Every structure is written in C-alpha cells, then in structure tokens.
**Q** 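Supplied in structure tokens, the structure appears directly below.
In what follows, chains are A, B, ... by sequence order, proteins preceding strands, each numbered from 1. Nothing here was measured: the structure is a model prediction, and the numbers come from that model.
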Amino acid sequence: MSPLFFWLFSALMLIFGTAVIINRNPVASALSLVVCFIGLAALFVSLDAFFLGTIQVLVYAGAVMVLFLFIIMLLDLRAEERRRINFLAFGGGAAVAVIFFFQLYAVINHLAIANLPFPTLPQARTDDVHSVGLLLFGNYNLPLQVIGILILVATIGVIVLSKKELR
Amino acid sequence: MLLFLVFAPLLAATLILLGSPARLTALFSAAVSAAVTFLALFLYRPVPGGFQFLSSFTVSESWRIHFSLGADGLSLIMLLLAALVLLCAVWFTPPIEKSERLFYVCLLFVAAGAIGAFASLDLFFFYAFHELALIPTFLLIGIWGSGNRSSAAWKVTIYLGVGSFVLLLGLILLYRSVPEGARTFDLRDLQTIAANGGIAAPAQNQIFLLLLIGFGVLVSLFPFHSWAPEAYASAPAPAAMLHAGVLKKFGLYGLLRLALPLLPQGAQHWRTLVIVLLLGNIIYVGLATIAQKRLDWMLGYSSVMHMGYIFLGIASANLIGLNGAAVLMFAHGISIALLFALAGEIRRRTRTLVFSDLGGLGKLMPFAGFAFGLATFAAIGLPGFANFAAEVMVFFGAFRVGADWQGFHLFQIATALALWGVVISAVYMLRAYRAIFMGPPNDSTLREWKAAPDLTLTLRWPVILLIAATLIVGFFPSSLLSVLRPTFPASLAANP
Amino acid sequence: MSTLPWIALLLPLVSVFVITIATRPLRTISALISVAAVLGSFVCAAIIFFQETSAAPSFLWIDLGSTFSVPLGLALDPLSRSMLFMVTGVGALIHIYSLGYMGSDEGKSRYFAGLSLFMFSMLGIVLANNFVMMFIFWELVGVSSWLLIGHWFERASAAEAAKKAFITNRIGDFGFMLGILMVWSATGSLGFDGIATNLNRLTSHPTYLTIAALCVFCGAVGKSAQFPLHVWLPDAMEGPTPVSALIHAATMVAAGVYMLVRVGFLINASSTALLVVAWIGTITALLAALMATQQDDIKRILAYSTLSQLGYMVMAVGLASGAAAMFHLFTHAAFKALLFLGSGSIIYMLHHEQNIWKMGGLAKRLPITFLTFLIGTLALIGFPGFSGFFSKDAILALAFQRSLSIFVLGALTALLTAFYMTRLVIVALFGRPRSQMAAQSGESPAVMTIPLMLLAIPAAIGGFGFFAARFLTLPNEKEKLLVVPIVAFGCLLVGVLGAVFLYRNRSEEPISIPLFSERFYLDEFYAWLIRWTEDLLASFAGFVDRWILDGAIIRGLSGGTWSGGFLLRLLQVGNLQAYGFLFGLGVVVLLYFTIFH
Amino acid sequence: MVTLGDYLVVSGLLFTIGFAGVLLRRNIIIIFMSLELMLNGANLSLVAFSRFRLDSLGQPNYHGQVFVFFIITVAAAEVAVGLAIIVALYRARRTTHVEDINTLKF
Amino acid sequence: MIPAPVLEIAVLVLGMILLLGEAFAGESDRRIFAIAGILGLIAVLVASFFLATAPPSATQGFWSFYSADPLAIFFKRFALVTTILVLVMAIDYAPAIQAGVASATRQAGLGEFFTLPIFTCAGLMWMASAIDFVMIFVSLELITISFYVLVSFTRRNPLTLEAGVKYLILSALSTGFLVYGITWIFGLTGETNLGRIGVSLTTANIDRVPILFGFGLVLVALSFKIAAVPFQIWVPDVYQGAPTPVTAFLSVGSKAAGFVVLLRVLAPFLILPEVGRLLVGIAALTLIYGNFAALPQSNLKRLLAYSSIAHAGYVLVGVAALSGTSVAFYLVAYLLMTLLCFAVLVAVGSSTGDQIEDYAGLAKRSPFLAFALLIGMIALAGVPFTAGFLGKFFIFDAAIRQHQTFLVVIGVVTVGCGFYYYLKVVRAMYWLEPTTSEPLTVSALSRLTMTGLIAAIIILGVYPQPILNALR
C-alpha cells in the first residue's frame, strides 16, 4: 500500500468534496460529488475493501448521483443568484465546523491506536465479497430484512410524494 | 360510611353531568352527606386506639399504596366542617346564569377533594384528593368570578400547584426516609415507625421544612400568602366559602396529622422559623388587612391572618395548643364561610364591596346585618362563638411553652403579639361593619339599592345553620374536645 | 348547692335568645320579656342575698383532662352577692325606665335584647370564680356595650362611638388576657381561690408579679375608662340615655373596679403595682373633673363625672382598700343611675335636646325629675348626709393616711366636682327657659319617674352605716380623722359657691378654657397617634403586600419566567440554516462537556 | 507508512466538510449532498477501522464493512425520498432556498 | 404460544395485504383499510399477550440483534397501541388528507396514509427489540424514512412541505452523527452489539476519550429523536406543520422508540461517570426550554410540541435517575394524554383551527370534546387522579432517590409553568365565549376512543399496578 496512492486519492476526495460545498452551480456540485465519491472508492480499495469500493461507485457515483443530477435538471436549477451573505450565519457556521474538527482532531490525537501501522493480512485471507456476503445473509439476516422493508417504504413514499397532480 | 361520604359528591357531580337537575341533586347530596357525617360523629367512640370506619383497597403492591379511608376525632371534625360548609355553600348558590351544571359540578368536586383528603389514611390519596379541587377552583374563579378573576385564577392555581408539588417532594422524602422494606404511605404504619424512632433527625429536619413550605403555601402561611386575598376576593361566594372555609384547612390538617406526629424533632428544629412566619401572618398581614378598602379583599386577608393563630397552636405542640388549633380550624371555617356568603349576597345586591361606596345597609338588610354582625364577632373571637374557645386554648397552649421566671421567651413574645393581633382584627372587622352596615346610607347609591331586599327566607336557613354551629361549639367546646381526645396522645401533655 | 344563681345568670340569656329568635317583630312583647327576665334575676338575686347561699354547681367548659380545664363556676361570697343584688336592682329599674324612654323606638326589640345580653354578661362578671370565665363575660360586656351604644347606628357619631368603645376596650383586654396568662402560667391555676392559694409562687418573683398585676389592671383601665383609655366613655353617650345610665355609669364601668377588688390580693402583693394603680386613678379623677367643667352636653358632663368617680374607686384600690372602692361603687351606682335617668327624663321631654344652654327653668316644669336630680347631685358632690359623702370620705381618709399628694389631688377633684355639678344644676334647671322646648316641656310619664324615685332613696341614705352595712363590708377606719371631712366640706363649699357665683342667670358660657372643653386634646392626640403609627403601618404593610411581595416578587417571578420563555422561543427563527447552526453548536457544546470538561 | 490516524483525519475532514456544507449552504439540494458527504466520511472511518483492527484470525473486521453496506443502502433510500420531498417543495414554492421556507417559526 | 418475532412479521403481513388490497380497491371508501388495519393491529396486540418465552441473547445470529425481554415486549405493545390510536385519528383526518394530496381521484393517497403507519409500527417494534447498533440503525432509519413521507404527506399544503423539509434535513444530519458515533464505538471496541460493547468497556483497557466521543455523537442523534435540548430545535416547526395524526405519531411513537434505544444504549456506558452528568445537564435544559418556551404559545399544536419537549425533559429526569420503570410509566401516561389531546385536535382543528383562541367556548360547542381536552390537559399538567400525575410522581421519586436535588428543583418550577400553559387551553375552552356557535360533531369511533383514553388516564392515575407489573 503506497502512501502516495493514499495521499493522492485523499487529496482528490477532499478537494472535490470542498468543491461540492463551494460551487455555486448545483450541477457542478453534483459532478464534484461524483469525483469525490470515486476518490473515496479508491480509498476503500486501498483498504482492501474491494466490494465496498465497487458498491460505492455503482450505487453512489452511479445511481444516487444520477438521481441528483436528474432532479437538478428537472427543476432547472441554475447557478444560485448571489444573495446577500449573512456573515453572522456564515461565520457562526464556519466556526462551529472548525471547532468540531478540532475536537475530532484532538480525539484522534488522543487515540492510542491512531499510530497503528498498516497491518498486513495473512496470505490465506478470504475474499471480501465472500465474507461480507456470508455475514450479510447469515448473521445480519434480520437487519437485511428490515432494510428491505425500508426500501419498500421509501418506494411507496416516493410514489406518494411525486405522483402527478391532475387538475 | 366514609366511602359514601367521599363518593357522594362525585356521584352527584356525575349525575348532574348526566342531566339530573343540578341544584336539587347537589343540595340533596350535600344534605345526605351532612346527615351521614352526623351519624358518623354519633357512632364514633372516642376511645384510644386509632381510626374507625376503616376501609382499604390495595392500589399498588410494589409501592404499598392503598386506598384506605378511616377517621378519628380530628378527621371527623374536619369532615363535619366540610359537610356543613358544603351544604351551606350549595344552598347559598344564587341562580347561575351560565353553565349552571358545571358550577355545581365544580363545587362538588372541591368538596369531594376536601372530604377525601380528610378521610384518607394513605398519604398518596391524602395528597391526591386535595389536588382534586385545584382545577375546579380554577374554573370556579375563572368562569364565575368577579373583579380581576383571570389573574386571581391563574395565581391561585399556579401557586397551589407548585406548593403542592413541594409538598409532594416532602411526602416522597418521608416515604424514602423509612428503611427499605418498611416503606409505606400508610399513615398508621408511619406513625408506628416514627414512634419507634424510625426516622432519623436530619431527615426529619429536611422533610419538615418541605412539608412546612408545601402546606404553608396551601394555608397561605406568610410569605406564601399572596394568592389568597385576590383569589377569595374574586371567587364566587360559594367557592370562597368552600375554599377558605374547608379546603384551606387541608394544610393545617396535614401539619397536625403528619408533620407533628411523624417529625417531632423536625418540628422542634424549625420552631423559631415557624413562629416568625406565623407572626408575619398575624401582625404583618393583620396590618395589611386594616389597609384594605374593599370587603372582599379584607375578608381574604383576614382569612390569611387567622391562619397565624392556628399555626401558633400547632407550633406550641402541646395538648392545649393542638386541641385549640383543631377547634380553631373548625371555628374559622364556619365563620369565614359565613362572612364570604354574606359578602357575596351584599355584592349581588349592591354590585360593589368598596367600603366608601357602602353604608347604612343595616336598615335595608337587617337580617344580613345581624348575621354579619354575629360572623364578625365570631371572626374576632368573642365569647360564645367557637373561635373564642379555640383561641383561648391556643393562647394558653402557646404561652406555656418554655415559660419561666426569667421573662418572656419566644413563645411568650409570640403569644403577646398574637394577642395584639386580636386587637388588630377587632379594628378591621369593626371598621368594615361600621362602613357597610352602620352610618347613614349613601344617598346616591341608596336609590339603586331600593331593589336590595334582605336575605330571602331560603337563604336565611344556611346562615342560621352556620351560626348555630359556631354558637353550639362556642358554648360547649367539649362537644368537639371529647371527640378529639384520642387524636392527640396523652404523652403530649408532658410537653413544655 | 343551689341552682338559683344559675337561674339568675341565665334568665337574661334566655331572654336574648327568645327575643332574637322568636319575638323580634313583636316589639312590645320583646320588651316585656326582657323586663320579666331581669325582674326574675332580681328576685333570685334577692333570695340569694338574703339567704346567703354560698355554693352553686359548676361545669367544665373546656376539659382537657389534667392538663388544662376551664370550669364555669360561680363565686358566691359576700362581695359577689351584694354586687349581684345591686346590679340586678339597678338593672331592673333601668329596664322599666326604658319601657318608657324607648317606647316608640323602631329597634326596641334589638334594644331590649341588648339590655338582656348586657345583664347576662354583667352578672357573669359578678359571679365568675375564675379568670377565663370572667374574661368571657368581660368580652361579652364589651359586645353588649357596642350594641347599645350603636343602637342608633344610622347616626355616624353613634356608629363611630360604638366602634371606638369596643376597640379601646379591646386594647385593655389585650393586657388583661396577657395578665391572665402570666398568672396562670405561674400559679397553674385559673380560679381565684387557686391563685390565692398559690400566690407565694408569684411573690417570690416580684418583677414578674408586678408586670402580671399591671397587665391585669390594664383590663380595668379599659373597662373602667381610666386614663389613658378613658376616651371612649364620653363618646359612648351617643347611646340611648338608659344605656348610659345602666352601663356607662352604674354597672359596666364598675366592672373594672369590681374585678380589681376581686383580684385585690394579687395587686396588693406588689407595692409598685399599687402605686401605679393609685396614681392612674388619681390622674383620671382629676383630668375628668377638669374636662367636665367645660362641657355643654348634659350627658357628657355626667359622663366625665363618672370618669372622675371611677378614678376615685381605682384610687381606693390603689390604696389597697377594696372595701372603700366597693363602698363608693355602690353609692355611685345609685346616684349616678339616678342622675342619668334624670337627665334622660329631661332629654326625653325636650325631644332629645342635650345642650344645657338650651334648657333652663326646668325645675318648675319637671318637679319630680328636678327633686330627684337634686338628690343625686348632692350625693355626687358629697354633701354631708348624702350617700356620696360617706364613701368619698372613706377614700379621702385613706389617701390622707397613705399619700398626701393623692389626698390633695383628690380634694381638688372634689372641689371641681361640686363646681361642675352646681353649674349643671343652675344652668339647666334654674333660671329662665332658653328654648321653646324647655318652656313647653312637662313631666315624664310614671314609668320613668317611679324608678327615679326609687333610686333616690339609696342615693340619699345609702351612705349611712346602718343601710350600707347590710350590703357591704364597710371600710373600717382605725381612727376617725376629723380633718378629712372638714377639708372635703370646705372644698364642696368653695366649688358650689364658685359655680353659683359664676353661673347664676347666665345664658352662655362666661369663661372658656379650650384645653378643658377640648379634653386636653387627647382625642386629637390619639387620632394623630393612630394615623402615624397604626394606620401608617397598615398602609405600609398593605402597600408592601400588594406591590412588593405580590406585585414585584410574585408577579416579577412569573413575568420573568414568561419573558424567559419568550426569549427562548425566539431561538425558533424558522430558518433551516439557523437550525443547522444551533444543531451544530449543540453538538460542539455537548462534545465539549462530554470529553473536554 | 499510512497510519490509522491518517485515515481517520481524512475521513474526519470529509465529515467536517459535509457538516460545513450543511451549515453554510442555503440550497437544499446542496445541503442534501453535503449530508451524503458526512455519511461517506463515516463510511471511510468504518472501513479504516475494520481494516486496521484485524480480528483474531488476522482477517479484517468485516462487520464494519457490512455496516457500511447498510449505510449506503439507507443513504440511497433516504436520497430518493428526500429528493421527492424537495421536488414537491419546489413544485409548491418554486424554491429550494432555505431562507424562503420560514413560515413556521417561534 | 407465539414466538416474539412473529409479531413484527404479522404486522408486516398486515401492511402488505392492505397495500395490495388498496391497489385493487378502485373507488371504494379507503377508510375500510384503516378499520382493517386497526382490527389487525388489535389482533396482534392481543397476540402479544401469548408470547413464548424468548431464548437468551446469543453471541451471533438473530438473537444477537433481537431481544424479547419485558422492556421490548412492553414497548412493542406501546407501539401497537399508538399506531391503533393514530389510525383512528387518521380516519377522522381523512378529509384533510384528501384536500392535501392533489390527485386524480378522491380516494387517492388515503390508502397509503393508512398503511404507512403500519410499517412504521413494525419499525418501532423492531427498535424496541434492537440490541445491536446495526439493528438500531436500520430500524431507526425505517421509522425515520416513513416519517419523512408521512410528515410531508399532504403536499399541497406548503406548511406541511416546509415541515417535511426541515425534518428531512435535520433528521438526516442527526443520522450522520449517529453513524459517525457508531463508527467510533465500533472502531474502539470492534463490536456493534450492545452487550458485548458493555463487556469490552468493562474489561479491556480502553481509551475513554474516543469512546466518549462516539457516545456523545450517538447521544446527539438520540436526543434528536426524543427532542431533548439542544436538539429539540426541529420539534415545534415540524409538529405544527405535519398532518395532525402524524404529529401525534411522531410525538409518541418516535419519541418512545428513542427512549427505548436510549435506555438500551446507556446501559453499557453508564460505567463512565461523565455520562450521568451529561444526562442531568440535558434533562435540566430540556425541562427549562420546553416549559418556558411553551408559556407564550398561542397555537395549540405548537404548544403541544413544546409540551412534548417538556415531557421529554421529565422522562430524561427518570433516565438520569436510572429508573426504567418510571420512564416506562411516564411514557405510557404521555401516550395516553398526548394522543387524547391530538384526538381532540383532529376533531376540532380540522373544522376550526389550531390556534388556542379557536378553542374559545369549546365547552359550549361540544361539552364532550372540551371535557376530553380538559382531562388531557390536566393530565399533562400533572394533576392527581390522572396518569400524568403518577408519572411525575414516579419520576420525582426516582430523582429524589438518586439525590438529584438540582433536577427536582427545576422540576417543581417547571411544573408551575406547565400549569400555566396547559390551563391556558382550559381557560379558552371554559371561560371564553365561543366565536361561532356551530356545534361540533364527533364520529362514534373517535368518541369511543376518547372515552377509552379518558378512562385509561384516570384508571392508571388511580391504579398504576398493571403497568408496573408489566415491567417486572
């Protein structure tokens, strides 16, 4: 695992993540988000989580972001016209975010295992798709069923909420 | 029997809600209640050995809450007071224009709360029953009140609500102060435990303070009294009668029933505080009473002031003082109910209770004047009325505490000041009587009051009933004292 | 054991109840019931007096076992028996007199109920054998006096006077009750006998004893209208005249003196207390006499003379002679009742005119009244041979022995008494009529004159030992001092002649001493005192309670809570971004307190 | 060598960026995207923990990865419903701007 | 004897049958589905009294996610009762739904509105049993997502949509923190099962700071669910904007589920002293905020929202005092009285309005509704002989037992505030004159339900033992 790989994709992810919240144009934000997710998928891969990396690309960068773009297009959202920035709100929000990060950073600093070097896996390691799948359908059967219901409910909800109005 | 007493008003209220004629039903139930109370009083055997007419149902095993009723002399006297005043209050209710049913229902609920509290042997229900009256009082003042009724209703409700939660904390602490396994809300068991020293002294101090504040708010102990004058001034007469006459005695009853027997050391510890506060009631509130310019406010303040005497009796914690306090509760209940009833009738006729607008009513309403005069005498503690007998006992009881040759100590000074309070109450009551009934009638208003006839014959009966009650007790205080004998243990006789 | 005393006591009470409950609308019947009751009591009293019954059953009024009990028992010693006889006798006469005087009054039933209540209370005081029982009736006397003074309650002055009388009495009662408590807590007894037995417990603590005795004396100061609580008595003349005669002259005000005599053993035990009592009596006697000289209202003059005579009695008590006090009490009762009824007769016939300057020449128009009134006056000023002479002489003789200054002031008072009474007689009864009514008046009806004549007898001869001794233990003077009657008679002559000289044929007041006519400005001073102490305190307390305790603190708390809620509510601005910010802030703060605090 | 701390810091930064987006942006759709960033920041931490904290057999702790799977699924469903609501809002109000939806307050 | 997990399955099956039926129902009256749903849920409720004893929790597999202990069973029933009552309300609310869901046919949308709560109910029931963070997460999200839909259901109403969006964003935000918090806890302990987390917290030598960090973030999300300060900020707006039955569901079901999870999550973490302190702080703030901010309210629905925050405060006092019984009892009382109030709100609000002044003279227009609301209000205020009082009684007792003097003092003060704002409604109903004299009609079912609720409030206020026994 090369540090270069890590830092590269980290930077990619963070830069485009920042772009998401900086861009004035929603389309640009959405596209930045796609890139960000791809960077994230790469980091998953760097952690030997190939299955999740794939899912990340397929579900997030693929399906979810398409949905976002689709909606943005549907609503025909252009770049936001400049509104007066409420500096108080902006400053407050930024301050909260920064403080939160420093708290987080302090916690990580405090963490004994933070300096854990990258452990090597034994040669006889199982395939991660296999392992995750086994767990998912075996041990995690109940949550999986619940997720199924969740998706059913979401489906119904989306239908109810966006059924066309007839006048 | 007690079950019947507790549930009769509730039953009547339900019937009224279901459509039976309101006044008739209320009157009937009140009359039956009064009759049953007399029967109970008659059947009661004043022998030592606790409560009689017992009945008990378990409500919560894990908390040892039982719905248990029972009465001894003290509770019987309070029940008698409640029944009498309820009867008179219902009787005295003028025709109600809006929501007549609701009015009687509220009245009956207030009474049921008082009766239930006095008959309960379980602290939980003792407390809960008192609270039963809270919302009806709010409605009574709010809907049918006069003057600044809105503010009065809020104040009394929130004040009493908070006060009773303080009381609740005290009761919970009391419950918790007993070692695990013996915990109970049953008064009798708690008495046994307390008698065996089951409640530690520091805990007693804590609990007594909470109970004092909680009960104090309910009884309008200085400085927690400011709800009372306004509430009584605004309340419709029957509500004021019931509340000031009966319900307010709950707090004092609680102190007599709980605080003293269960927490003797706590009572000892806070004695000085109690004395200071009760003198606040007698002197400070007494003076404030003099300053009042309206009858309703004045009566409200006077009812606050008189609580000081009862507290004095309780604080003295000896046989004389406690008996005095108990009789005074009864006496004051009757007299203040009578005063509020008459004030309400006067207000109905003259549309004002401001002293400077009134005068010479004695000519127009001789019976009202006569009755008010008797009530005035009762209120200022003249012989012949129950108040006198009770106050005498209170004074004797209090004066004796810690008396020696060196001079006046706490209780002696308190008694002297309380005696001065008698002068104060004479001043304001007589000023009021002078302003309302005596002197030349005010010409401009007299014309309007031509339509102010004296009390009708129907209304005279409850007045006579109340007067008779206070006179009988005043002439023969032993009638109550003999009933009370088992309540206060003879061991108190040894108290200084 | 005899129930007769109880019957005597309770008959008037029965009358009260009967009148109040049943016969209120039937005025004449009410009056007759009341008269019957008092006559009944009088008969009983007479039997008791002559048969010397000495015991009556007693009851426990309050019974708390061994701890505390208040008995209702009757004391039937010579003192109370003769007092009983006197009170019922005078009372009966005045009841009868009232039949005439109040004949057409609207509130006759109420009046007679009040009289009966008064008789009941007064008899109770006389018969009480313990402090609490005495206090009970003591208070009841106050009530009945309130009722009777305020009989004509539509009159503002009557209403005020009634209130004043009651409250002033209450102030005295405050001390009385305190004294009772002190005595009780020391001796453990309420009954007079018990206290007397245990008196040694008190005498060993002289300060305590003095204070207790003086507290008890406070009661008498109020009831017997001694300085400084005397102000109610003159005002009490607003009541109907028979009332003034009965209670503000003959009996009720005497209750204070009677009580002092009853508990004489207590006061005698403390020399300081005795001194105070004597001086209070002396001051009262003198001040009242001075005030009387400048009054124009016939009843007020008599009222001040009553004050003055009460001062003599208290003085006698203070000089440790209950017998002398009682002697004067008895003679005074007779002649003062006589005087008041006489003045009532005048007032009645003059259609309630009370100003002596509007009278004149009445001696011819009301001969019986005049004669009896004259007898009363002579008795009052202590003309030798008349009853007042003997009793006043007894007191002055005492004073002469004990304290010369008191004696001098007492003699001065006697002089003044002669002066103002002569003034009254000359102005009101002699000379020429100075008003229409005075000129046309006739004699009162027989129902009023007969009591006058009956009362004139004891007023005239009551002082002679052969008569008085039947009723009283007369004070036995060790050595007859000739100087005392001589000085007294000298004073009398000076007073009478001075008045004759000044007032003969006058139609208006020749001298004006505002200090006296305005009663030393004491009423004004009290009004001022009350305004600046009690009323001020009351307004202050009322203000604090309404605006500070309730207004500022209670309402402030509730208002503060409400405003707090209002401010908190403003957090809910509706903007999602603000919500996000608050959420984030919440997270940061929560983490801070979780981890870093 | 890349340590667990590095991963945690990076994922924390991603989470914070998302958080900041929620706090700072006023377009609801972008806020919604930022929420996705936050979830993904959490996911990265989870995977990192699962990779760095091997189980007794020396295998990655796959439980963490399963959790990530659940999170992704839930997020997808949430996005679907959320976008439906936003669309409905836009239809009713013609706006996706948070400052325009403040009728409910106080 | 029925195994516990069958209950959820039964509820799900019921929901699906109704959903399918709805699809083929054509133009028939959709209220029949609500009735069917109610009956079905009642059947499940009855069945819940005949459960087989559950096996002890396992280290893996089904029983490591799912617990059927008394607490779980209790809150399953709680969820069922809530849902039944919400459905009853929903029937009365149908006209407003029809007006709010613009669609082709009159009945459109109703079927979904009646069936979604059933799925939510299943989520609530799972949540009651969840003993693993993964399970907690998925069932919580099931509930949340169904509430997204329900809150914005009447999408023609801009207020509803506004509420929906606010709920969506803030809820998603809290989900983010939940996930991140779970991540940290997982990272430190390597476990998601609460029992095993507890074990590793006691045995292993673990960094306390990161654990607390994770716990804090989880607490953020749970506080959001139970509407505890400082994460209560969404409550008033969302409660006011959402369709009334949904508000009721949200304020009872969602909150109760949040408390169950809180109780379960707290159990392993209580060995950390900071946790107790934190809870006390949150409870105090919640009490103060909820009660104080309710004082100036003039909208009844919003008032109930603040009151819901306030009651969360009381329950948190119970939580901080570690008294599961008192928490459970309080929640039951809260269920009864809140749903009673909302039931009246549905009956009155749809025709008159939600402002308190709209309730002026209700006693004249409909004595029954006024009485019902009176009982509801005084129960919420904590007047004896109502379940609300006993709830407060047990809570205060627990707090006193734990010597939480501070909380007790605040509790007493806030009870005073409560008297004010609850009685404000009573005042409107009884003192003030009605603006219209138009009488209100109440459907028989609602009347029956309200009567039942009133009876339950009073019976539990006198005889609490059934609830106390159920938690043994």
Side-chain angles (χ1 to χ4, degrees), chain A residues 1 3 6 10 13-14 17-18 20-21 26 29-30 33 37 40 43-44 47-49 52 55 59-60 63-64 67-68 71-72 75 77 80 90 93-94 96-97 100-101 104-105 108 111 113-119 121-122 125-126 131-132 135-136 140 143 147 150-151 154 157-158 161-162, chain D residues 1-10 12-21 23-27 29-30 33-34 36-37 40 43-44 47-48 50-54 58-60 62-63 65-66 68-70 72-81 83-88 90 96 99:
Chain A
M1 179 75 248
F6 168 75
S10 294
M13 182 183 79
L14 292 178
T18 316
V20 171
I21 66 164
S29 287
L33 192 57
F37 284 168
L40 181 63
L43 288 180
F44 282 173
L47 290 164
D48 297 318
L52 287 183
I55 296 269
V59 175
Y60 257 122
V64 170
L67 195 55
F68 263 108
I71 296 295
I72 293 169
L75 302 187
L77 296 177
E80 273 178 70
F90 189 87
V96 165
F100 177 77
F101 182 73
L104 180 59
Y105 191 76
I108 294 171
L111 190 64
I113 56 172
N115 294 323
L116 216 58
F118 207 87
L121 295 171
R125 73 186 212 84
T126 46
S131 307
V132 170
L135 273 179
L136 203 53
Y140 284 91
I147 284 285
L150 186 146
I151 289 173
V158 171
L161 287 174
S162 46
Chain D
M1 209 48 190
V2 184
T3 60
L4 176 59
D6 296 336
Y7 273 99
L8 291 179
V9 170
V10 168
L13 267 174
L14 190 60
F15 189 89
T16 312
I17 290 168
F19 190 25
L23 293 178
L24 301 179
R25 292 308 300 260
R26 286 176 285 183
N27 187 327
I29 293 203
I30 294 185
M33 289 184 202
S34 309
E36 296 307 313
L37 281 180
N40 280 294
N43 284 351
L44 182 55
V47 177
S50 94
R51 178 64 184 78
F52 278 79
R53 310 267 286 164
L54 302 179
Q59 300 288 345
Y62 284 115
H63 291 278
Q65 300 201 9
V66 172
V68 172
F69 174 80
F70 282 122
I72 291 176
T73 322
V74 165
E78 204 171 59
V79 166
V81 175
L83 286 177
I85 293 174
I86 293 171
V87 170
Y90 188 78
T96 56
E99 283 171 1

**Q** Distance check, rounded to the nearest 0.5 Å: D:His63 atom NE2 versus A:Ser131 atom OG?
**A**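 Going from the NE2 atom of D:His63 to the OG atom of A:Ser131 covers 10.0 Å.
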**Q** Let me know if A:Phe100 has heavy atoms under 4.5 Å from chain D in its side chain, its backbone, both or neither.
**A**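 Looking at A:Phe100, just its side chain touches chain D.
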**Q** Please state whether the side chain, the backbone, both or neither of A:Ala63 comes within less than 4.5 Å of a heavy atom of chain D.
**A**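 Neither part.
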**Q** Under a 4.5 Å cutoff for heavy-atom pairs, which residue among A:Leu33, A:Ile71, A:Leu75 has the most contacts with chain D?
**A**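 The candidate making the most pairs under 4.5 Å is A:Leu75.
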**Q** With chain D as the partner, which of A:Leu43, A:Thr18, A:Ile55, A:Leu135 has the greatest number of non-hydrogen pairs under 4.5 Å?
**A**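 Most pairs with chain D among the choices: A:Leu135.
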**Q** Look at D:Leu83, D:Thr73, D:Asn43 and state which one has the largest set of heavy-atom pairs under 4.5 Å with chain A.
**A**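 The answer is D:Leu83.
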**Q** D:Ala88, D:Ser50, D:Gly18, D:Gly12: which one forms the most heavy-atom pairs within less than 4.5 Å of chain A?
**A**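 Heavy-atom pair counts peak at D:Gly12.
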**Q** Looking at chain A, which one of D:Val74, D:Ile85, D:Val79 has the largest number of heavy-atom pairs inside 4.5 Å, strictly under?
**A**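 Answer, by heavy-atom pair count under 4.5 Å with chain A: D:Val79.
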**Q** For the interface with chain A, which of D:Val9, D:Val66, D:Val81 has the highest count of heavy-atom pairs at distances below 4.5 Å?
**A**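 Most pairs with chain A among the choices: D:Val66.
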**Q** Can you tell which of D:Ile17, D:Asp6, D:Asn40 has the highest number of heavy-atom pairs within less than 4.5 Å of chain A?
**A**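 Of the options given, most contacts go to D:Asn40.
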**Q** Whether the D:Thr96 and D:Asn27 side chains hold a donor-acceptor pair (N or O, under 3.5 Å, no angle test) is what I'd like checked.
**A**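 Yes - a donor-acceptor pair under 3.5 Å links their side chains.
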**Q** At a heavy-atom distance under 4.5 Å, which candidate from A:Val64, A:Leu104, A:Leu40, A:Val59 has the highest pair count against chain D?
**A**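 Among the listed options, the one with the most contacts to chain D is A:Leu40.
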**Q** Pick from A:Pro117, A:Pro143, A:Pro119, A:Ala154: which one has the most heavy-atom pairs with chain D under 4.5 Å?
**A**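 Option with the top pair count is A:Pro119.
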**Q** So, do A:Leu52 and A:Val132 sit near enough that their side-chain heavy atoms are less than 4.5 Å apart?
**A**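 Answer no - side chains too far apart.
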**Q** Between D:Phe19, D:Phe15, D:Phe52, D:Phe69, who has the most heavy-atom pairs with chain A when the cutoff is under 4.5 Å?
**A**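 Looking at each of D:Phe19, D:Phe15, D:Phe52, D:Phe69 in turn, D:Phe52 comes out on top.
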**Q** At a heavy-atom distance under 4.5 Å, which candidate from A:Leu111, A:Val96, A:Ile147 has the highest pair count against chain D?
**A**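 Among A:Leu111, A:Val96, A:Ile147, the one with the most close pairs to chain D is A:Ile147.
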**Q** To the closest 0.5 Å, what do you measure between CG (D:Leu13) and CG (D:Leu8)?
**A**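 Those atoms lie 11.5 Å apart.
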**Q** When rounded to the nearest 0.5 angstrom, what is the spacing between CG in A:Leu136 and CD in D:Gln65?
**A**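 Rounded to the nearest 0.5 Å, the CG-CD separation comes out at 11.5 Å.
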**Q** For the CZ atom on A:Phe101, are there more than 12 heavy atoms of other groups (residues, nucleotides or ligands in this structure) within a distance under 6.0 Å?
**A**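 Check passes, neighbour count above 12.
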**Q** Please round to the nearest 0.5 Å and tell me the distance separating atom CD of D:Glu36 and atom CZ of A:Phe68.
**A**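 The CZ atom of A:Phe68 is 5.5 Å from CD of D:Glu36, to the nearest 0.5 Å.
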**Q** Supply the atom-to-atom distance D:Tyr62 OH to A:Tyr140 OH, rounded to the nearest 0.5 angstrom.
**A**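 Reported value, rounded in 0.5 Å steps: 13.5 Å.
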**Q** Name the region of D:Tyr90, side chain, backbone, both or neither, that has any atom closer than 4.5 Å to a heavy atom of chain A.
**A**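 When you check distances to chain A, only side chain atoms of D:Tyr90 fall under 4.5 Å.
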**Q** Below 4.5 Å from any heavy atom of chain D, which atoms of A:Leu67 appear? Answer side chain, backbone, both or neither.
**A**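 Contact with chain D involves both backbone and side-chain atoms of A:Leu67.
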**Q** Parallel under 30°, tilted from 30 to 60°, perpendicular over 60°: which one fits the rings of A:Phe37 and A:Tyr60?
**A**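 A:Phe37 vs A:Tyr60 ring planes: tilted.
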**Q** Can you tell me how far CD1 of A:Ile113 sits from CD1 of A:Ile108, rounded to the nearest 0.5 angstrom?
**A**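 Those atoms lie 11.0 Å apart.
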**Q** Please state whether the side chain, the backbone, both or neither of D:Leu54 comes within less than 4.5 Å of a heavy atom of chain A.
**A**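 The answer is the side chain of D:Leu54.
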